[in-house]
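The structure appears right after this line, and notes come after that.
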Amino acid sequence: MNKTSKKKGASKKVISNRRIIQAIIGVIVFIAIQFFNISLWYALLAGVIAGLIFGKVFCRWMCPLGFIMEVFMNINPEEKFKQTYQYHKLGCPIAWISGILNKISIFGINFTGNDCTHCGVCDKACYISTLNNEFSLHKKGKKNPAEQFSCSKCLQCVAVCPSDSLKYNFRNFIKK
Ligand code: SF4
Ligand code: SF4
């Protein structure tokens, strides 16, 4: 296995272990706030800095409440739980601010189209593209779901792409 495919394998492994990472960071955030009396303002500041660099990563990679909501959604994937999750996110200032920062964050999801076969698997994995066909990760002339407020950087689109045409790295602001 060469260096590039090893790197791709490692990043897909990180994405597939997202919930474990979210649980660990979530517990650390919870302990810091509850037992070390760290002000919620610091949590907000950390979320904004993370948002500026990585986009809206807090909800799906760091948030203790987000983790609990996802567990409930998996136990009972009924629509009402999905809606509760959306309402919970609407009330969170970190979700609001970092969602807006998705448009200008330093890291983003880049499409490198050369090897893309337009299989459409990425769009099927993305809840934004699935709900609204104005969005697509690979079709020209469609809006990029990764820049939308709702994109919580679950990175499922990156993980499922068989040709590695989607990458989460330094954003190419010039090439659209
Ligand atoms: S999953 Fe990858 S190969 Fe398939 S359409 Fe999306 S970017 Fe192209
Ligand atoms: S990371 Fe990809 S799959 Fe997840 S919401 Fe954003 S664009 Fe969609």
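All ligand and atom numbering here is 1-based and tracks the order in the structure. None of the values given here were measured: they were computed from a predicted structure.
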At a 4.0 Å cut-off, with the gap strictly under it, does some heavy atom of L137 reach an atom of ligand 1? no

In terms of atom number and element, which parts of ligand 2 are under 4.0 angstrom from non-hydrogen atoms of K153? 1 (S)

Ligand-residue contact atoms, ligand 2 with I109, heavy atoms, under 4.0 Å: 1 (S), 2 (Fe)

Return yes when at least one N/O/S atom of C151 is nearer than 2.8 Å to atom 6 (Fe) of ligand 2, and no when none is. yes

With a 4.5 Å limit on heavy-atom distance, are the side chains of [X] and [Y] in contact?
X: R18; Y: R60; result: yes
X: T112; Y: L166; result: no
X: F149; Y: S98; result: no

Any idea which atoms of ligand 1 are less than 4.0 Å away from a heavy-atom of [X]?
X: F111; result: 7 (S)
X: H118; result: 5 (S), 8 (Fe)
X: T117; result: 3 (S)
X: P162; result: 1 (S)

Return the residue, atom name and 0.1 Å-rounded distance of the protein heavy atom closest to [atom].
atom: atom 5 (S) of ligand 1; value: G120 N, 3.2 Å
atom: atom 2 (Fe) of ligand 1; value: C161 SG, 2.3 Å
atom: atom 3 (S) of ligand 1; value: S163 OG, 3.2 Å
atom: atom 4 (Fe) of ligand 1; value: C119 SG, 2.3 Å
atom: atom 1 (S) of ligand 2; value: L155 N, 3.2 Å
atom: atom 8 (Fe) of ligand 1; value: C116 SG, 2.3 Å
atom: atom 6 (Fe) of ligand 1; value: C122 SG, 2.3 Å

So, for [X] and [Y], which heavy atoms are closest and what is the spacing to 0.1 Å?
X: R171; Y: F107; answer: NE-O, 3.9 Å
X: N102; Y: E147; answer: CB-O, 3.8 Å
X: I128; Y: P145; answer: CD1-O, 3.6 Å
X: C154; Y: I15; answer: O-CG2, 3.8 Å

When you check the side-chain N and O atoms of D115 and S165, is any donor under 3.5 Å from an acceptor? no

Pair W61 + F54: ring centers closer than 6.0 Å: no

Ring-plane angle category for F35 and F30, please: parallel below 30°, perpendicular beyond 60°, tilted otherwise. perpendicular

So for H138 against ligand 1, with non-hydrogen atoms under 4.0 Å, the contacting part is side chain

May I ask you to decide whether K139 forms a salt bridge with E134, counting only side-chain N to carboxylate O separations under 4.0 Å? no

Only heavy atoms count here, so choose which of A146, S129, C154, G108 is nearest to atom 7 (S) of ligand 2. A146

